[in-house]
Structures are given as C-alpha cells and as structure tokens.
Colleague: 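I have a structure here, written as structure tokens, and I will follow up with some questions on it.
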Amino acid sequence: MKINTKHFLSVLAVCSMGFFVSCSEDEPAPIVASDTEKVSETSVDGGAYAGFYVLNEGNMGSNKCTLDYFDYATATYMRNIYAEQNPGVALELGDTGNDIAVHGGRLYIVLNGSHKVEVLDARTAKRIGQVDISSPRYLAFDGDNVYVSSFVGGEGSGKDEHGTVVRFDARSLAVTGKVSVGLQPEEMVVTGGKLYVANSGQLSSKYDNTVSVIDLASFKMERSIEAAINMHHLVLDRFGNMWASSRGNYQDISACLMHITKDSDGAFGKISTIDFPCTNLALGSKNLYFYGTTYDASWNATITYDYLEPTATGYTDFEKNFITDGTEKTIVAPYALAVQPSTGAFVITDARNYTSSGELRYYSPAGKLQWTVKTGDIPGHIAFLPK
C-alpha cells in the first residue's frame with residue numbers, strides 16, 4: 001500500500017499523544033488510498049490550491065463512478081478514494097457522475113444515474129449527506145444556495161417534458177425551491193441576480209435552442225434567450241460576458257462556440273456564433289481554451305484545439321493549438337478540460353475507449369506535457385481544492 005506516509009505518520013503520532021495534545025478539527029485526517037502514483041519526486045506547484053478532484057463518470061448503469069484526488073504537496077495521484085474514505089457507505093459512490101464542484105468547504109458530486117447529489121467534506125472526502133434529485137446534471141452556487149439542473153419535473157410530458165432547476169440549502173441540504181426551464185437543461189451560471197441555464201433538448205422530439213433566465217430573488221422563470229440548438233456548456237468570463245457551446249445536431253449542423261453579451265438595454269441577449277467546432281471549453285485567468293470533435297460520414301473523428309482571449313467588447317482569436325508540443329496527437333478521445341486557477345496549468349483527460357481506464361494529462365501554461373496518470377473509467381469532471 002502506498003500512502004502519504006510522512007503526513008499520515010505525523011498525524012498519527014500527534015493523535016496518539018492524547019494526554020499532551022488532542023487532534024484539532026482544523027487538522028483533518030489526510031486523504032489516503034491504496035492505489036496511488038507519484039508523478040514527481042518533489043512537490044508540484046499548486047499555487048493557492050492543495051490539489052484537485054477527478055470525477056470518473058463510469059458507463060451508465062454500471063455503478064462504476066469513482067473519485068480520484070491529486071495532492072500537489074506530495075505529487076501523488078490517488079485513485080478511487082471514496083470507498084476508502086467512506087467504508088460504511090453501501091454501493092460506494094453511485095452511477096454516472098455528471099458534475100463536481102468545491103464550494104464553502106464542501107465537495108458536491110452530481111450522480112445522474114443514481115438521481116442524487118452527494119455532499120462530502122472537501123478536505124477529507126468524508127460523506128456528509130445527499131440530496132435526492134431526479135436526473136441531475138450540473139451545479140451552480142449563490143451563497144448558501146445550491147442550484148442543480150435536472151432533465152425532468154417541468155412542464156409538458158413524455159419526450160417533450162421540460163427540465164427543472166432545483167434549489168437546496170448548502171447547510172441543511174433541504175430542497176427550498178424548483179422552477180421549470182427548457183428541455184433537458186445543462187450547465188448554468190449566476191450573475192447579476194439571475195441564473196442562466198443552457199437548454200439542450202437532446203432527449204426530446206426536437207432540440208431546444210434557448211438559455212433560460214431565472215430571477216433568483218423570486219426564483220421564477222423570467223424569460224428565454226434564443227441561441228443555438230442543443231446547448232451544453234456555459235461559462236462567465238472576467239468581463240461579465242458569457243461563452244456557450246452547442247453540440248449541433250450531429251449531422252448537418254456542426255457544434256459551435258457562442259459569445260453572449262448584453263444588448264443596449266443592459267440585458268443578455270446578443271449572440272455571436274464563432275465558426276469553430278466546440279465540444280468542451282474552460283476559462284483561465286486570461287484565455288478561453290476549447291476543443292472540438294467532428295465526424296465524417298463514416299464516423300471518423302477529427303479533433304481540433306484552439307484558444308482565444310476574451311476582451312470587454314469581444315475577443316482576440318489566436319487560431320493556435322494550446323497544446324504546443326505535439327502530444328495531442330496521441331489523445332484518443334479528449335473529454336474533461338480544466339485550467340488551474342492560480343498557476344495557469346491545464347488538465348485534459350482522455351476517455352480512451354469509454355469502457356476501461358482513462359488517462360489524465362497535466363500541461364504547463366505554455367502547453368508542454370508535464371505528466372500523465374491512469375484514471376478511472378471516463379474521467380469527465382475536475383474540481384480544484386483551495387488551500
């Protein structure tokens with residue numbers, strides 16, 4: 001068994017000396033795992049962050065969603081930590097992980113196939129509780145309010161049943177509200193007292209092409225913004241403008257990247273479509289990174305990588321691959337993409353064949369590969385843990 005030996009023994013020694021000193025709640029027990037891998041003999045620069053979590057989705061219906069963790073101080077990647085941190089929990093983490101986020105000292109994990117949001121202590125990965133939500137998808141936060149998009153529970157019925165956004169309290173985990181939005185809602189952002197929700201319609205008889213706008217004070221649907229079909233990702237840049245991705249229809253309408261800005265009346269609604277296939281995207285402190293996967297008639301994939309710099313009024317498109325050492329050529333199926341907030345390094349995962357272990361690659365801000373590790377099945381989502 002390989003663990004963070006130095007840290008673990010020091011904590012154990014202090015705890016054993018109960019008549020001199022007791023362990024403080026401010027010094028949580030370290031995360032340990034049986035399956036570990038060191039990527040360096042020295043620590044890795046994490047800046048303001050202690051490490052990051054990787055949520056491996058697992059195939060739908062297989063109950064194989066797993067949680068990994070990378071520790072910057074020990075340069076150690078730990079696989080499948082949930083079961084070891086929570087040995088008394090039956091069926092382990094759950095089925096089909098869809099999102100993960102750190103907020104207010106807690107770690108929130110969306111389990112789409114298990115119809116719940118799992119809530120853990122962010123520093124120990126110890127389970128606190130769960131919130132039951134049907135077909136949950138993505139998370140957003142506003143103070144002690146947690147918002148979860150769900151594919152079901154809204155207006156309509158059958159294939160054209162609208163989705164919902166469920167609100168629950170971060171402390172009590174009690175559900176405090178629900179509002180109907182568009183068809184199969186996906187990622188969300190909070191800004192200016194509003195919650196913006198990208199709707200996909202990917203399971204309906206027709207694709208949705210809207211962004212729902214919810215007033216947070218009343219928690220009611222306010223209006224819809226017409227955008228592209230089959231929306232997915234939605235992020236907010238440092239200038240207060242939004243960037244979104246559309247999956248297209250997988251046939252004659254390609255996936256694309258969109259820039260959503262405010263109209264002359266100060267309300268979001270101006271859409272600019274950028275002619276670049278966008279499957280996934282991630283914002284850094286300065287640049288927006290994205291990649292796109294397109295297919296020909298025989299389902300042969302072409303993968304392209306690019307980045308741009310958002311500005312107050314638009315963007316500067318560099319039309320350059322953000323991976324600069326040529327190693328993207330060995331990525332089979334790019335999946336998760338994330339930028340380390342304080343160092344500018346970025347992480348990209350490879351789902352490989354979608355049925356067995358994937359791979360995580362850690363790159364320098366200049367786009368040079370630093371190290372690679374094996375992950376669980378379909379490594380899909382990443383959350384950085386502040387120190």
Side-chain angles (χ1 to χ4, degrees), residues 4 6-8 10-11 24-33 36-55 67-78 81 85 99-109 119-126 128 139-144 146 170 187 189-191 235-240 243 280-289 307 309-310 322 336-349 360-373 375 379 381-387:
N4 180 355
K6 184 176 180 181
H7 190 180
F8 179 75
S10 63
V11 172
S24 167
E25 291 183 357
D26 294 329
E27 299 174 352
I31 295 172
V32 297
T36 68
E37 183 176 347
K38 283 188 71 69
V39 304
S40 171
E41 292 304 315
T42 60
S43 63
V44 175
D45 180 18
Y49 291 82
F52 60 86
Y53 289 98
V54 178
L55 182 65
L67 183 65
D68 298 347
Y69 179 71
F70 178 73
D71 185 282
Y72 280 115
T74 63
T76 302
Y77 192 86
M78 310 176 194
I81 66 168
Q85 296 299 102
D99 198 15
I100 186 169
V102 173
H103 179 76
R106 293 186 171 186
L107 181 67
Y108 296 85
I109 301 175
V119 184
L120 315 179
D121 181 277
R123 299 208 171 276
T124 65
K126 296 284 188 181
I128 294 171
L139 296 154
F141 303 90
D142 182 37
D144 279 342
V146 184
E187 211 159 37
V189 296
V190 173
T191 181
V235 297
L236 189 73
D237 68 25
R238 68 186 187 277
F239 299 103
W243 296 87
N280 202 354
L281 51 80
L283 267 170
S285 60
K286 184 179 180 181
N287 296 325
L288 176 73
Y289 302 86
Y307 70 101
E309 181 184 352
F322 58 82
L337 177 63
V339 182
Q340 216 277 14
S342 64
T343 67
F346 60 88
V347 178
I348 188 164
T349 67
L360 180 142
R361 300 181 177 205
Y362 200 86
Y363 284 85
S364 72
K368 308 292 185 183
L369 181 63
Q370 304 298 292
W371 45 268
T372 302
V373 292
T375 68
H381 310 273
I382 294 164
F384 293 93
L385 175 66
K387 287 181 177 177

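For the single chain, residues carry numbers from 1 onward in sequence order. Scope of the values below: all heavy atoms of this structure, side chains included, with no hydrogens, waters or symmetry mates. The structure presented is a predicted model; accordingly, all values stated were derived computationally and were not measured.
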Colleague: Verify side-chain contact (heavy atoms from CB on, under 4.5 Å) between V373 and R361, making sure each step is shown before the conclusion.
Modeller: CA-CA 7 Å; V373 292; R361 300 181 177 205; over 6 Å; no
Colleague: Treating T349 as the side-chain partner and A336 as the backbone partner, does any N or O pair qualify as donor plus acceptor under 3.5 Å?
Modeller: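 Side chain of T349 to backbone of A336: a pair is present.
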Colleague: Measuring from E37:CD to L360:CG, what's the distance to the nearest 0.5 Å?
Modeller: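 One gets 10.5 Å once the value is rounded to the nearest 0.5 Å.
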Colleague: Can any side-chain N or O of N287 pair as donor or acceptor with the backbone N or O of Y289 at less than 3.5 Å?
Modeller: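 Checking the backbone N and O of Y289 against the side chain of N287, no donor-acceptor pair under 3.5 Å is found.
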Colleague: Using side-chain heavy atoms (C-beta onward) and a distance below 4.5 Å, is L288 in contact with D237?
Modeller: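 In short, these two side chains do not touch, never coming nearer than 4.5 Å.
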Colleague: Step by step, work out the side-chain contact (heavy atoms from CB on, under 4.5 Å) result for Y362 and F52.
Modeller: CA-CA 12 Å; Y362 200 86; F52 60 86; 3.9 Å; yes
Colleague: I'd like to know if the side chain of H103 and the backbone of G143 have a donor-acceptor N/O pair within less than 3.5 Å.
Modeller: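 Confirmed, H103 side chain pairs with G143 backbone.
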Colleague: Roughly how far, to the nearest 0.5 Å, is the CG atom of D99 from the CD atom of E187?
Modeller: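 Going from the CD atom of E187 to the CG atom of D99 covers 6.5 Å.
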Colleague: Please name the pair of heavy atoms, one in S342 and one in Y49, separated by the smallest distance, quoted to 0.1 Å.
Modeller: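 Answer, listing the atom of S342 first, then Y49: OG-CD1, 3.6 Å.
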Colleague: Taking all heavy atoms of F384 and all of V347, pick out the closest pair and write down the distance.
Modeller: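 Reported closest heavy-atom pair: CZ-CG2, 4.4 Å.
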Colleague: Measuring from K126:NZ to D121:CG, what's the distance to the nearest 0.5 Å?
Modeller: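 The CG atom of D121 is 10.0 Å from NZ of K126, to the nearest 0.5 Å.
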Colleague: Verify, without hydrogens or angle tests, whether D68 (side chain) and T375 (backbone) share a donor-acceptor contact under 3.5 angstrom.
Modeller: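 Not confirmed, D68 side chain does not pair with T375 backbone.
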Colleague: Working to the nearest 0.5 Å, report the span between OG1 of T76 and CG of D71.
Modeller: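 Going from the OG1 atom of T76 to the CG atom of D71 covers 6.5 Å.
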Colleague: Looking at V102, I128, L67, which one forms a side chain to side chain contact (heavy atoms under 4.5 Å, CB included) with L120?
Modeller: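 Passing option: L67.
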Colleague: Take Y53 and I31, measure what side-chain contact (heavy atoms from CB on, under 4.5 Å) needs, and give me the verdict at the end.
Modeller: CA-CA 11 Å; Y53 289 98; I31 295 172; 3.3 Å; yes
Colleague: So which atom in L283 and which in V339 form the shortest heavy-atom distance, rounded to 0.1 Å?
Modeller: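 It is O-CB, 3.8 Å.
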Colleague: Rounded to the nearest 0.5 Å, how far does CG of L337 lie from CD1 of I382?
Modeller: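 The distance works out to 8.0 Å.
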Colleague: Is R106 reaching over with its side chain to a backbone N or O of A101, donor-acceptor style, under 3.5 angstrom?
Modeller: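 Pair absent, no side-chain N/O of R106 close to backbone of A101.
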Colleague: Are Y363 and F322 an aromatic pair, judged by ring center distance below 6.0 Å?
Modeller: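 No.
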Colleague: Are the side chain of Q340 and the backbone N or O of G46 linked by a donor-acceptor pair below 3.5 Å?
Modeller: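 Answer holds: yes.
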Colleague: Side chains of Y77 and V54: does their closest heavy-atom pair fall under 4.5 Å?
Modeller: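 Contact flag for Y77/V54 side chains = yes.
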Colleague: Which atom names give the shortest non-hydrogen contact between V44 and V39, and what distance separates them?
Modeller: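 Where V44 meets V39 most closely, the heavy atoms are CG2-CG2, 4.1 Å.
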Colleague: Please find the pair of heavy atoms, one from S43 and one from A75, that lie closest to each other, and give the distance.
Modeller: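 Here S43 and A75 meet closest at CA-CB, 4.4 Å.
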Colleague: The test is side-chain contact (heavy atoms from CB on, under 4.5 Å); show your working for V119 and V146 and say whether it passes.
Modeller: CA-CA 11 Å; V119 184; V146 184; over 6 Å; no
Colleague: Measuring from atom OH of Y69 to atom CE of M78, what distance do you get when rounded to the nearest 0.5 angstrom?
Modeller: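 The OH atom of Y69 sits 7.0 Å away from the CE atom of M78.
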Colleague: Taking all non-hydrogen atoms of both residues into account, name the closest pair between F239 and P310 and its distance.
Modeller: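 In terms of heavy atoms, the two residues are closest at CE1-O, 3.1 Å.
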Colleague: Without swapping roles, check the side chain of R238 against the backbone of K286 for a donor-acceptor pair under 3.5 Å.
Modeller: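 Checking the backbone N and O of K286 against the side chain of R238, a donor-acceptor pair under 3.5 Å is found.
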